Amino acid sequence: MAAPPAQYAQWSAPAPQADGPHDEVRTIFVLGFPLDVKERELQNLLRWWPGYEASQMNFKGDQPMGFALFSTAAMAMAARDALQNLVFDADTNSVLRAEMAKKNLYVKRGVAGEITTGFDASKRMRTGGNDYSPAPYPAPYGAPYPNQVVPAAAPSWGPQGYVAPAPQYEQYAGYAVSQPVPIAPTGYAPVQNTKDNPPCNTLFIGNLGEAVNETELRGLFSSQPGFRQMKVVRQGKNTVCFIEFVDVNTAVTVHSNLQGAVLSTSDRGGMRIQYPTFMSSGLFLNIPF
DNA sequence: AGCACA
């Protein structure tokens with residue numbers, strides 16, 4: 001069993017099944033990409049999915065084949081289901097088909113056990129020190145936009161049958177959940193937000209300070225009307241945050257009102273608020289860990 | 001249905 005990515009470290013790893021296979025397949029096999037797909041596109045599609053570890057595009061066949069490794073089989077299956085029937089490119093009519101792979105993706109590891117090849121989670125932030133810039137894919141519950149990725153069929157967790165999952169990660173966190181003290185921004189600074197995605201009920205918060213903490217973020221966001229839950233993802237010097245609202249309208253309001261908000265810990269200007277990519281919404285799905 | 005990298 002591989003260690004889960006650092007951002008899930010506060011969650012208890014699943015206990016190895018005494019009677020289960022220790023070499024369980026936790027890799028997905030994805031077809032249906034357009035011929036000009038880039039390996040990076042697969043990485044960007046999956047990078048925030050819970051348990052994502054590494055991925056690879058293989059171009060040797062007649063059609064591009066994507067492989068992605070996750071920390072557990074359950075996480076892989078959840079990603080597989082989320083990718084199923086996804087319209088990757090409306091122009092080329094590419095609809096993704098995903099299955100569990102026959103074998104796990106091979107990842108070369110260094111002495112310290114870190115992944116050294118492939119497009120892996122440990123290198124998420126390697127692009128010039130910038131933090132995450134979402135690919136132009138819409139997030140889950142948003143209206144379909146032309147030329148963008150939308151689920152061909154409404155996902156089972158979509159608007160119709162969607163029931164808010166309990167904020168399950170809190171039970172794993174190593175701190176007591178107490179009533180957040182409301183926090184107001186210390187000010188506002190202009191922020192560039194050139195590449196955003198279509199509005200949806202989830203927000204991605206970037207350009208936060210290195211010293212930002214969850215209490216501060218919770219103090220700012222949990223008092224916003226429509227707030228449902230949030231998840232802070234730490235990756236070294238970079239911290240990002242995903243916030244789910246009860247509907248698109250309340251998310252749009254916060255996207256506008258708190259754009260460029262400066263916190264006491266901000267050291268690079270105001271926070272950048274964006275609508276996240278389709279797959280990043282997986283942070284709020286009910287995935288068994 | 002089509003499963004590669006080592």
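Here is the naming used below: chain letters follow the sequence lines, and residue numbers restart at 1 for every chain. Here the structure is a predicted model, which means the values were calculated and not measured.
Rounded to whole Å, the distance from CG on A:Asp23 to P on B:dA6 is 21 Å. Look at NZ on A:Lys102: it is 4 Å from P on B:dC3, rounded to the nearest Å. For A:Tyr106 and B:dC3, the OH to P distance is 21 Å, given to the nearest whole Å. A:Arg26 places its CZ atom 15 Å from the C1' atom of B:dC5, with the value rounded to the nearest Å. Spacing between atom CG of A:Leu31 and atom C1' of B:dA1 amounts to 9 Å, rounded to whole angstrom units. Atom-to-atom, CZ of A:Phe29 to P of B:dA1 comes out at 12 Å; the value is rounded to the nearest Å. Rounded to an integer number of Å, the gap from CG of A:Leu105 to C1' of B:dC5 is 7 Å. Remark: P of B:dC5 and CE of A:Met57 are 14 Å apart, rounded to the nearest angstrom.
Within residues 59-69 of chain A, the residues approaching DNA chain B are A:Lys60, A:Gln63, A:Met65, A:Phe67, by heavy-atom distance under 4.0 Å.
A donor atom on one side chain and an acceptor atom on the other are not found under 3.5 Å apart for A:Thr72 and A:Arg26.
Counting non-hydrogen atoms under 4.0 angstrom, A:Met100 reaches a base of the nucleic acid.
Legend: residues meeting side-chain contact (heavy atoms from CB on, under 4.5 Å) with A:Thr215, ordered by chain and number and at least two apart, are A:Asn213.
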Steps toward side-chain hydrogen bond (donor to acceptor under 3.5 Å, both in side chains) verdict (A:Thr250, A:Thr253): CA-CA 5 Å; A:Thr250 49; A:Thr253 300; over 6 Å; no
CA sep, side-chain torsions, deciding dist, call: A:Tyr275, A:Phe204, ring-ring contact (aromatic ring centres under 6.0 Å, His included): CA-CA 6 Å; A:Tyr275 301 107; A:Phe204 171 91; over 10 Å; no
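Ring pair A:Phe67/A:Phe29 is tilted by interplanar angle, where 30° to 60° counts as tilted.
Proximity of a side-chain donor or acceptor of A:Ser55 to a complementary backbone N or O of A:Ala68 within less than 3.5 Å is not detected.
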